[in-house]
Structure formats: structure tokens, C-alpha cells
Number of protein chains: 2
Amino acid sequence: MLSIGQLSARTGVKVPTIRYYEKMGLIAPPDRSVGNQRRYEPDALRRLSFIKHGRDLGLSLEAIAELIDLADDPARSCADADRIAREHLSAVQDKIARLKRLERELTRIASRCTGHTIGECYVIQALSDHALCDDEH
Amino acid sequence: MLSIGQLSARTGVKVPTIRYYEKMGLIAPPDRSVGNQRRYEPDALRRLSFIKHGRDLGLSLEAIAELIDLADDPARSCADADRIAREHLSAVQDKIARLKRLERELTRIASRCTGHTIGECYVIQALSDHALCDDEH
DNA sequence: TGTAATCTCTATAGTCGCTATAGGTTCAAG
DNA sequence: CTTGAACCTATAGCGACTATAGAGATTACA
Ligand SMILES: [Zn+2]
Ligand SMILES: [Zn+2]
Ligand SMILES: [Zn+2]
Ligand SMILES: [Zn+2]
């Protein structure tokens with residue numbers, strides 16, 4: 001049996017976050033000690049690590065909750081799990097594309113300032129006028 | 001004099017967002033009509049466009065507020081403005097790097113599932129075991 | 001057994017940048 | 001003068017936590 005602090009130490013998930021996951025229904029409320037403190041079975045380590053890994057990969061708690069439901073039913077088709085992964089990948093790729101456009105624009109803006117005063121500052125001018133930009137963002 | 005709706009239409013910033021910016025101190029409270037509705041001078045277009053452009057480039061409202069302060073003082077050194085731009089660029093680059101690691105990992109995960117059931121699903125297995133990953137994330 | 005240090009408990013508020021809703025008032029056109 | 005669109009304020013909600021306060025539980029050691 002693990003205390004919440006031990007579970008936290010072994011998974012790298014902070015104590016308040018574990019309580020938050022419980023409140024959100026991602027992990028089942030564990031048994032309690034006589035003094036009302038949470039006591040986890042070793043299996044909770046697996047569950048929580050699954051959630052943490054999903055979060056580290058950028059999945060939403062909603063997607064992780066769906067995947068947990070799916071994982072509990074080994075005979076079922078994995079089409080939904082695969083779809084969640086593909087959709088997330090595609091969202092990540094969209095974010096990368098957007099951030100790359102920003103990076104180009106910001107690199108240009110940040111490198112072009114030759115002035116010493118705000119009055120001449122290209123950063124300020126660029127922000128004041130999107131027409132100076134190469135791209136939409 | 002512009003109503004908040006006209007200001008919104010001309011800048012692409014939604015009406016509640018304009019009110020939010022006012023509450024957050026990014027734009028000055030405008031004059032009011034007899035019936036207490038906001039009436040903006042044409043200059044508000046410039047201000048709001050500046051804010052919108054900053055947001056479109058991914059700057060935080062806090063950074064934008066700093067830049068607005070700076071922009072009001074043309075004789076001042078632009079070192080702070082340049083620093084804000086460089087720091088933001090660097091934050092964007094960090095995000096891109098992190099997302100690219102995720103992309104690699106997710107591509108691998110999403111493409112490797114050959115099973116038809118959850119029991120064989122590589123997506124579920126990968127989430128259950130970070131040791132299957134190539135990278136940290 | 002006493003005590004002190006650490007851990008844990010609940011409940012609540014704050015973070016960021018909005019967005020949505022409710023219930024009311026004002027404005028502009030016909 | 002009436003209608004309908006636009007506007008007003010205040011409040012709550014989003015996602016995924018994080019921080020705080022004030023109280024109670026557990027553990028280690030003397
Ligand atoms: Zn400059
Ligand atoms: Zn631009
Ligand atoms: Zn699969
Ligand atoms: Zn991993």
C-alpha cells in the first residue's frame with residue numbers, strides 16, 4: 001500500500017495533481033487509512049504512469065480517459081485508439097506548422113532592429129504593421 | 001467615433017475580447033455615449049491592431065503590455081523591446097523542438113499498430129511503457 | 001509515552017486568454 | 001413609435017493544473 005506521496009515520488013506526478021485526476025474520474029478513489037488518508041494498491045502505479053505518459057505525449061485528459069476505457073477491454077477493436085493517436089499526431093503537426101511560421105517571422109523581426117531607440121525599433125514597427133510581415137499567422 | 005462592434009469588425013478582435021483587454025488595462029477605457037455605450041476614437045484602431053498583431057505572433061498579454069508602454073516613449077532605448085522579441089522567439093523554438101520530438105514518437109506509435117484488437121494494439125502498449133519510446137518527452 | 005517533524009486532508013482561489021450566458025438597456029432604421 | 005440589433009454588466013466556465021490556508025494524521029526518535 002502506497003501513500004499519495006509515495007505514489008507521487010514513484011511516478012513523478014505531483015500530489016495535488018493525483019488528487020485532481022481522482023476528482024476528474026481518471027483514477028478510482030482508493031481505500032483510506034483509519035485517519036482518512038489515501039492508500040493505493042501497487043496497480044495504481046500502472047494507471048498513473050499510463051496517464052502521465054499520455055500527458056507527456058501531449059494527449060488531453062479526455063483522450064486519456066477514452067484510452068483507459070478502451071484498454072480495459074482487450075477483445076475490442078483498436079480502431080478508436082488508433083484514431084485518437086492519429087488525430088493527436090495531426091494536431092501536433094498543425095501546431096508545428098503554425099509555430100514554424102511564427103519562428104520565421106520572429107527571427108526576421110528580432111534580427112532586423114538596427115536602431116538604438118524605440119522610435120527606430122523594428123520590433124515596435126513590425127508589431128504596428130502586419131503589412132511588414134511575409135506571412136499570415 | 002466607433003462603437004465597440006465597429007471596432008471589432010475592423011480589427012477582427014471579438015467584442016467580449018475588447019472589453020476583456022480594457023479590464024486587463026491593455027486599452028484605456030473610452031468615452032461613453034449618453035446611454036453608457038463605449039465610443040472609440042480612431043486611434044483605438046491602432047492600439048487594438050497592435051495588440052492583435054502581438055497575439056497573432058504568440059506574445060502574452062503581459063509582454064504586449066510592456067511593449068505598449070515602451071512604444072509610448074520613442075526616445076528610450078529599445079533594448080527591452082528587442083529582448084522581449086528574442087525571448088519569445090526562443091520560447092517558440094523550444095516549443096517547436098518539443099513538438100518535433102512528440103511528432104517523431106507519435107508517428108512511430110501511430111504507424112506501428114498491426115493488431116486488430118486492443119489486446120494487440122501498439123498505441124495502448126506504447127502508452128503503457130515509456131521504455132518503448134526512443135526519446136524523452 | 002511524548003513530542004516534533006513531516007505528511008496528508010478538504011476547500012477554495014488563482015493561473016491564462018478568452019468565451020458563453022443571463023437579464024437588462026440603448027440605439028438606429030423605417 | 002416600434003422593432004430588432006447592438007450594447008451593457010456581472011458571473012461562470014474552459015483545461016490542466018498550482019497555491020494557499022487551516023486542520024488533522026502519521027512516523028521517527030528519545
Ligand atoms: Zn529595437
Ligand atoms: Zn504579421
Ligand atoms: Zn491499434
Ligand atoms: Zn514515452
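Not measured: the values here are computed from a predicted model. By convention in this document, chain letters (A, B, ...) are assigned in the order of the sequence lines, proteins followed by strands, and residues within each chain are numbered from 1.
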Under-3.5 Å N/O pairs linking protein and nucleotides 9-11 of chain D:
{"unit_1": "D:dT9", "atom_1": "OP1", "unit_2": "B:R32", "atom_2": "NH1", "d": "3.3"}
{"unit_1": "D:dT9", "atom_1": "OP1", "unit_2": "B:R32", "atom_2": "NH2", "d": "3.1"}
{"unit_1": "D:dT9", "atom_1": "OP2", "unit_2": "B:R38", "atom_2": "NH1", "d": "3.0"}
{"unit_1": "D:dT9", "atom_1": "OP2", "unit_2": "B:R38", "atom_2": "NH2", "d": "3.0"}

Between N or O atoms, less than 3.5 Å apart, protein on one side and nucleotides 3-6 of chain D on the other: list the pairs.
none

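- B:R39 places its CZ atom 11 Å from the C1' atom of C:dA28, with the value rounded to the nearest Å.
- Legend: residues meeting ring-ring contact (aromatic ring centres under 6.0 Å, His included) with A:H88, ordered by chain and number and at least two apart, are absent.
- Partners of A:R47 by side-chain hydrogen bond (donor to acceptor under 3.5 Å, both in side chains), not counting sequence neighbours, listed by chain and number: A:D72.
- Partners of B:Y122 according to the side-chain hydrogen bond (donor to acceptor under 3.5 Å, both in side chains) rule, which considers only residues two or more places apart in sequence or in another chain, are B:R108.
- Side-chain N/O atoms of A:S33 include one lying less than 4.0 angstrom from OP1 or OP2 on D:dT26.
- Note: A:H53 NE2 to B:H130 NE2 = 5.5 Å, rounded to the nearest 0.5 Å.
- In this structure, the CE atom of A:M24 is 12 Å from the P atom of D:dG13, given to the nearest Å.
- Judged by distance alone, the side chain of A:T117 and the main-chain N or O of B:S77 form no donor-acceptor pair under 3.5 Å.
- Within residues 87-102 of chain A, no residue has a heavy atom under 4.0 Å from DNA chain D.
- In this structure, A:L48 places its CG atom 14 Å from C1' of D:dA16, rounding to the nearest Å.
- Listed by chain and number, the residues in a side-chain hydrogen bond (donor to acceptor under 3.5 Å, both in side chains) with A:R104 are A:D135 (sequence neighbours excluded).
- With sequence neighbours excluded, the residues satisfying salt bridge (charged side-chain N to carboxylate O under 4.0 Å, His left out) with B:R76 are B:D80.
- Identified under the side-chain hydrogen bond (donor to acceptor under 3.5 Å, both in side chains) test for residues 14-30 of chain A, with sequence neighbours left out: A:E22-A:R38.
- A salt bridge does not link A:D94 to A:R98: none of the charged side-chain nitrogens sits closer than 4.0 Å to a carboxylate oxygen.
- Residues satisfying the side-chain contact (heavy atoms from CB on, under 4.5 Å) criterion with A:S3, sequence neighbours excluded, are A:Q6, A:R39.
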Taking only N/O atoms, report every protein-nucleotides 17-19 of chain C pair under 3.5 Å with atom names and distance.
{"unit_1": "C:dG17", "atom_1": "OP1", "unit_2": "B:L61", "atom_2": "N", "d": "3.3"}
{"unit_1": "C:dG17", "atom_1": "O3'", "unit_2": "B:R55", "atom_2": "NH2", "d": "3.4"}
{"unit_1": "C:dG17", "atom_1": "N7", "unit_2": "B:Y20", "atom_2": "OH", "d": "3.4"}
{"unit_1": "C:dC18", "atom_1": "OP2", "unit_2": "B:Y21", "atom_2": "OH", "d": "2.7"}
{"unit_1": "C:dC18", "atom_1": "OP2", "unit_2": "B:R55", "atom_2": "NE", "d": "2.8"}
{"unit_1": "C:dT19", "atom_1": "OP2", "unit_2": "B:T17", "atom_2": "OG1", "d": "3.1"}

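- Within the model, atoms CG of A:L127 and OG of B:S49 stand 11.5 Å from one another, a figure rounded to the nearest 0.5 Å.
- Side chain of B:T107 to main chain of B:E103: a donor-acceptor pair is present (N/O by atom type, distance under 3.5 Å, no hydrogens or angles).
- Residues satisfying the salt bridge (charged side-chain N to carboxylate O under 4.0 Å, His left out) criterion with A:E120, sequence neighbours excluded, are absent altogether.
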